[in-house]
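Quick notes on the structure that follows.
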There are 2 protein chains.
Amino acid sequence: MSEGKIRLYVDQPLGAGQAVRLSSDQAHYLVGVMRLAAGAVILLFNGRDGEWRATLAEAGKRGAIAVCEVETNPQTLPPDLWLVFAPIKKARTDFIVEKAVELGVRRILPVQTRHTNSERIRQDRLQAHAVEAAEQCRATFVPEVADLVPLDRLLRQWPEDRCLYWCDEAAIGQPAEITGPAGPAAILIGPEGGFSADEAAKLRGMPNLAPLSLGPRILRADTAALAAITLWQARHGDWR
Amino acid sequence: MSEGKIRLYVDQPLGAGQAVRLSSDQAHYLVGVMRLAAGAVILLFNGRDGEWRATLAEAGKRGAIAVCEVETNPQTLPPDLWLVFAPIKKARTDFIVEKAVELGVRRILPVQTRHTNSERIRQDRLQAHAVEAAEQCRATFVPEVADLVPLDRLLRQWPEDRCLYWCDEAAIGQPAEITGPAGPAAILIGPEGGFSADEAAKLRGMPNLAPLSLGPRILRADTAALAAITLWQARHGDWR
């Protein structure tokens, strides 16, 4: 039933009869680009209230209002998996965010490491990518993309109950197996240059660390992120 | 030992003492871009004879010759997995090829389906992408990228002993499990518009078909390709 309909994320409450003012970008897209008029049906979600079928009540190029009719999908959360990664080149970072949302993670945490190229990220741009990916893949939840945080600080505050999967190149040749328990988890993907000796030592000292091998070839950071999320999802996540 | 060295694919025999003339593009890259001179050490592979350490004997911007010294990695084949996919937008098709090589497949077969957008592909460009990915990920093998073939014809000639994993959207919600036996296999990724009813019926009639679910969200074709290869590799491939 939701096939083929335009699906938009909004940051407003959704519920039966609720009127939702769309952003000017969204109005432009619906009316100017997709040629929808009042009466057209779209789908809305806000990350909290499920997915709703809504009808355009007003449809101008600069402003549009949609009224929610019926819930088409209940709100669901992806499993409690974080993706922690050192940002790489722009296109590949965008890609990691898009794919993490599709595959299903709860939070995305870019980290600054000794060898990370970028000193800063455009958090707002990455968050917008996450929204777009959620619109595409019919998720009802949008993972938060956090601001860049130094790896040191993240590890110091690491929650005791969260298993940390480290895709360590030293594990190459080991079986690709998710060895940690079910429950909160995170996947850590290092920078292309690898972690510094310091950082690697700190990681090895973490009480809830689980090394994860990803086959005999050297994967790029973006490939490693996707493969690791896939394996975890199939073992402990909502792909089971 | 091979860390940090430039690694190039050549289409010539490799062996102790063998002199290899590099292409003019490669010579330009080594000498013009990377500023290497005679005596510099690089790594060579050709997809058949393993990886060799070689020394530049002549190094001009238009021509360079390297002499093989010692084998640094034996020739290895990825497991007998094919990736069959309907080409999508250029950047995402490039991406699928790059990732398939990193994750490890034996052959890459673009197929023409009822809903495939592109009538043709640039096979030479995709093959060059595969070479570049192999150079990056330290594989000694480069999968062949076949020319675009109609799905019908491929299915008519389908080898009896090759399990065909179909990432069918109808399987959404099933566990993400590789259910087929070890041995020759292929992963089939449909076009963004899905298969036609005709094609789907033909697929369901294949004797060695194994449906594969990839979680509750709708994955883009490129994401599905990567996730499916990952699951197969961890179950039956060289990631075990």
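Each chain gets a letter, A, B and so on, in the order its sequence line appears, and its residues count up from 1.
Contacts from residues 103-116 of chain B to chain A, taken as heavy-atom pairs separated by less than 4.5 Å, involve B/Leu103, B/Gly104 in sequence order. Residue-level contacts of residues 181-199 of chain B with chain A do not occur; threshold 4.5 Å between heavy atoms. By a heavy-atom distance cut of under 4.5 Å, not one residue of residues 81-90 of chain A is near chain B.
The most heavy-atom pairs under 4.5 Å with chain B, out of A/Thr230, A/Asp222, A/Thr76, come from A/Thr230. Note on A/Ala234, A/Ala228, A/Pro216: by heavy-atom pairs under 4.5 Å with chain B, the leading option is A/Pro216. Among B/Arg220, B/Gln136, B/Lys99, the residue making the largest number of heavy-atom pairs under 4.5 Å with chain A is B/Arg220. Ranked by heavy-atom pairs under 4.5 Å with chain A, the first of B/Cys137, B/Ala134, B/Ala176, B/Ala227 is B/Cys137.
Side-chain atoms of B/Val101 and A/Arg217, non-hydrogen and from C-beta on, never get closer than 4.5 Å to each other.
Using a 4.5 Å cut-off between heavy atoms, A/Leu219 contacts chain B through both its backbone and its side chain. Only the backbone of B/Arg240 comes within less than 4.5 Å of a heavy atom of chain A; no side-chain atom from C-beta onward does. With a 4.5 angstrom heavy-atom cutoff, A/Arg92 touches chain B only via side-chain atoms. Neither the backbone nor the side chain of B/Glu177 has a heavy atom closer than 4.5 Å to any heavy atom of chain A.
For the atom pair CD (B/Glu102) and CG (A/Leu214), the distance works out to 11.0 Å, reported to the nearest 0.5 Å.
Applying the salt bridge (Lys or Arg N to Asp or Glu O under 4.0 Å) definition to pairs two or more places apart or across chains, those involving residues 123-136 of chain B are B/Asp94-B/Arg125, B/Arg122-B/Asp124.
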